[in-house]
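Just so it is clear, the structure is predicted and the values come from calculations on it, not from any experiment.
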Amino acid sequence: MLRVGRAVACMACKNMVSNNMGVRFRMPLQKLHPLSRAVHHRYNASANPQRPPHCSAARHFTSMSRLPMRPPKPPPGGHGGWRYQQHRNFWMLRLASRLLKLRYIVLGSAVGGGYTAKKTYEEWKDMLPDMSAYNWVIPDFVWELSDQIDLDKLTKILPELEEIAKLLPELPDFDKIGENFTFLKSILSTEAPGDTPVKAATEAPVTATPEASDKQFKKSSDKEKVDQLQEELLRTQMKYQRMLERLEKENKDLRKVVLQKDEKGIHQRKIKVCKSLIDMYSEVLDILSDFDSNYNTQDHLPRVVVVGDQSAGKTSVLEMIAQARIFPRGSGEMMTRSPVKVTLSEGPHHVAMFKDSSREFDLGKEEDLAALRHEIELRMRKSVKEGQTVSPETISLSVKGPGIQRMVLVDLPGVISTVTAGMAADTKETIFSISKNYMQNPNAIILCIQDGSVDAERSIVTDLVSQMDPQGKRTIFVLTKVDLAEKNLASPNRIQQIVEGKLFPMKALGYFAVVTGKGSAGESIDSIKDYEEDFFQNSRLLRDGMLKAHQVTTKNLSLAVSDCFWKMVRESVEQQADAFKASRFNLETEWKNNYPRLRELDRNELFEKAKNEILDEVISLSQVTPKHWEAILQKKLWERVSTHVIENIYLPAAQTMNSGTFNTTVDIKLKQWTDKQLPHKALEVAWETLQEEFARFMAEYKGKDQDDIFDKLKEAVKDESIKRHKWNERAMDSLRVIQHNALEDRSITDKPQWDAAIQFMEETLQARLKDTDSVINDMVGPDWKQRWMSWKNRSPEQHTRNETRNELERLLKLHEDHTAYLANDEVTTVRKNLEGRGVEVDPALIKDTWHQLYRRHFLQKALQHCNLCRRGFYYYQRHFVDSELECNDVVLFWRIQRMLLITANTLRQQLTNTEVRRLEKNVKEVLEDFGEDNEKKVHLITGRRVQLAEDLKKVREIQEKLEAFIEALHKEK
């Protein structure tokens, strides 16, 4: 340590301090700088020769030290001159003694420092860090020393070598001391204007020896020194960047090993929180994307919104952040047709998965990457409705891998300026609407992507971003394709203006420049990273200081975006949780006031309840008794075929003259009917019966506990199930054979069967007779009793038909065995008779009236014959031998009745054994399809009660997940 006395600084040393320091007192020499105290030069006229008993050590000022500004103590008033006169003959000895002390320090420092610098120069040079980022550590007054201290005066004050040689002629290490003094004077005299000694020492490279430094500073100009320093600084930064990347790769591998061990239970608690934090947050965003509350609880949770002009490279930037080529690509074609939410998180394996699928895509395999890109493209096209180009429906995707920064990004369709052929007319407005919807979130981080290879004036997205975030408090600007920009731009300063925020009117938190490849779709992420690193290492943009090292590469961009994202999350998530808590209170209050006795069942829970009720009703079909099935089937089948039997089989056969012709006609017509129509009619009846019974059970199931909110759903399930159900076609062939065999049998075995056939025939004929009388009454109008009692009159047509009926009835009384058709002369006779009474009638009207009258006449005779045949079973057993009574019509009705019984039994067996189960299966399939179709459920289960329960469920789920996320977030801190 240097030792100095308490002498007062001389006038020459005091003049070293500049007059414009801004202080009103002078500073003592001892407090200025250690170098100024190394030599007490000979021009000091006011030094005190006396020394105190103890010498105080000189203070060495560091870069954090502040110069003390104390005025010197005035010398004693009356004795200063005497003391000076007394010691004026010893100042040379004092100077010599001090120089001798300085010799050992300078000599030791020179020898040790020179040898050490020579041995370790290259190591220091390689390990020299970038200190420009830590300039803020040094106080501002240190940088201003050059303004406060006159370094030229300090240089002149230092003694020359000749003077030291005269004082110390026998000094053995005089050469080393001279070299140090020369180096010291060169530092103070050759530094650039405006640079302080501390700044020069910080920014200058380490030199091997004082001699080499002296030559370098003397020979090189200021510009050459700046270029050398920038090149040295760039090489140092690149070296440390490579070291950092190597360390990050090792750290990535180690974290991968740790995460793999975590799957086996090692470090489970800590790693689980870190790994699942972003997944918990992503689940909240997925729920919020489908949430639509009437209380206007808006989604203000942060996410990174990636916006940019079409083909600006925003998808490529997102792929670089995700470290995989996961999106479909196209040359100039719009590929992003809907928002894609990508949740990035860290994991042991590089995989991707959709939120609604359990399949994992291995991003390390090219076939899985191709399948993932194809799946994303299919989902985008599926989400776009007919007649549209883009869709607001969000596709949710998660990507995990070692070293991936945790965040949630949303890739939006590129902003366009013109609608081209093949696009919907409102495509431009739709894209603007989608982009504004995401960017208007006050907590959303806007990642604005600008193509650096095109003119900045052509950008559309910058104006849009400026409208959404005019202050730039949540915007990060990214300039892509910088390699093409550097090659094409005549003035590289334009790139500097862009990344400094001086060219665009928009403001941003940060500006980044990236390179996302050479434009080839087959490039891998690793090759793109290597290309990006090589470009910026050799780029003059970085070398000339137009770009800062922290503003380049997608890795730095990823780190900055992730930090900004989590900062925004921590600042806003608790506020959002409070908002949903208030919304939950409002919804619960409304439910208690409107539905106090009902459980809060959402749409899915109501659907499950309705599903169970419907399946119970289907099962009830299997409990229907066989007797009930057969009775219903027999009745409905006869109602369907009775008209054909009477009109096309029985009446034509009854017009024959003898029993042989009757039986022949009946057999022929029954065979034709069985082959063509009867099986189809029977299956139609069976299918309709099944539907009616199913509907009946669903209607009867309603009780006091039945919820009418299910009516629309049950009706839709019933209709869709019946629509899908198809009867087994094989049953038709077997049924045809059974019916044909039943109709060919004519053997009535006992009297009860005969009586049953008589009763069946009688009921059928009476029903037909009743229908015929009703038709005739409508034709002729009201009779005299109805006219008098009900004040009704006949129309002219009814009057004509009434006169025609009277004339035709007289004809039937004369010829009771008349055929079914009138002859032409009989028609003419009837018409002339009516004309004689003043009634004009058409021949067609006569024939139509005759058909109904003859039908009634025939049915009346058939009923009389049916009564006669009640006692004809004995004659039937004898085949009507020696008997004038023939009851072939009774046998016909018995054959029809037996066919109906057998057909009903066959259909009942098929229903209970096969069709009811198939219907139940169809109902289950329909319910499963409806359960997977959310739009169908929303359409079929509606009402304020349902919507309120839905909102309550979602708000509770969001609040619970947000609280769990906040707790995990605090634990991670």
Between atom [atom1] of [X] and atom [atom2] of [Y], what is the distance when rounded to the nearest 0.5 Å?
| X | Y | atom1 | atom2 | result |
| --- | --- | --- | --- | --- |
| E957 | E283 | CD | CD | 8.5 Å |
| F930 | I941 | CZ | CD1 | 10.5 Å |
| N441 | H300 | CG | NE2 | 5.5 Å |
| F607 | K936 | CZ | NZ | 11.0 Å |
| H350 | D362 | NE2 | CG | 9.5 Å |
| C564 | L509 | SG | CG | 5.5 Å |

Considering only NZ, NE, NH1 and NH2 on the basic side and carboxylate oxygens on the acidic side, decide whether [X] and [Y] come within less than 4.0 Å.
| X | Y | answer |
| --- | --- | --- |
| E600 | R956 | yes |
| K314 | D309 | no |
| R944 | E950 | no |

Which pairs pass salt bridge (Lys or Arg N to Asp or Glu O under 4.0 Å) with one or both residues in residues 920-931, sequence neighbours excluded?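 Listed once each, the pairs are R724-D929, E920-K924.
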Determine which pairs satisfy salt bridge (Lys or Arg N to Asp or Glu O under 4.0 Å) with at least one residue from residues 363-373, sequence neighbours left out, and list them in order.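 Listed once each, the pairs are E366-R373.
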Any donor-acceptor N/O pair, [X] side chain to [Y] backbone, under 3.5 Å:
| X | Y | answer |
| --- | --- | --- |
| K937 | G931 | yes |
| S391 | S383 | yes |
| W591 | Y595 | yes |
| N437 | S433 | no |
| D602 | E605 | yes |
| T480 | Q450 | yes |
| S562 | L559 | no |
| N593 | T589 | yes |
| T430 | D426 | yes |
| E319 | F327 | yes |

Taking everything shown except [X] itself, do over 12 heavy atoms lie less than 6.0 Å from its [atom1]?
| X | atom1 | answer |
| --- | --- | --- |
| K473 | NZ | no |
| F432 | CZ | yes |
| Q467 | CD | yes |

Quick one: closest heavy-atom pair of I460 and I416, and the distance?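 Closest approach of I460 to I416, heavy atoms only: CD1-C, 3.8 Å.
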Which is it for K714 and E613 under the salt bridge (Lys or Arg N to Asp or Glu O under 4.0 Å) test, yes or no, and what are the steps along the way? CA-CA 9 Å; K714 290 184 176 182; E613 291 185 3; 3.1 Å; yes
Would you tell me whether [X] and [Y] have side-chain atoms, one donor and one acceptor, within less than 3.5 Å of each other?
| X | Y | value |
| --- | --- | --- |
| Q947 | D951 | yes |
| S524 | S527 | yes |
| S311 | D451 | no |
| E574 | H970 | yes |
| T389 | T427 | yes |
| S282 | T343 | yes |

Does the side chain of [X] reach to within under 4.5 Å of the side chain of [Y], using non-hydrogen atoms?
| X | Y | result |
| --- | --- | --- |
| L447 | I449 | yes |
| F512 | V499 | no |
| T554 | E532 | yes |

What orientation do F965 and W566 show, parallel under 30°, tilted 30 to 60°, or perpendicular over 60°?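 Answer is parallel, since the angle falls under 30°.
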Parallel, tilted or perpendicular, as decided by the 30° and 60° cut-offs, for the rings of F565 and Y281: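 Ring orientation of Y281 relative to F565: perpendicular.
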Please list, chain by chain and in numerical order, all residues satisfying side chain to side chain donor-acceptor pair (under 3.5 Å) with [X], sequence neighbours excluded.
| X | value |
| --- | --- |
| Y438 | T394 |
| Y531 | D483 |
| S721 | none |

Using side-chain contact (heavy atoms from CB on, under 4.5 Å) as the criterion, list what pairs up with Q959, not counting sequence neighbours.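 Once residues adjacent in sequence are excluded, the partners of Q959 under the side-chain contact (heavy atoms from CB on, under 4.5 Å) criterion are K581, R584, E963.
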Should T553 and N556 be marked as a side-chain hydrogen bond (donor to acceptor under 3.5 Å, both in side chains) after you check the CA-CA gap, both sets of side-chain angles, and the distance that decides it? CA-CA 6 Å; T553 71; N556 291 334; 3.3 Å; yes
Working for side chain to side chain contact (heavy atoms under 4.5 Å, CB included), residues F361 and I326: CA-CA 10 Å; F361 297 88; I326 59 178; over 6 Å; no
Assess the residue pair V342 and D411 against the criterion (side chain to side chain contact (heavy atoms under 4.5 Å, CB included)); give the C-alpha distance rounded to whole Å, side-chain angles, the decisive distance to 0.1 Å, and a yes or no. CA-CA 8 Å; V342 183; D411 186 22; 5.7 Å; no
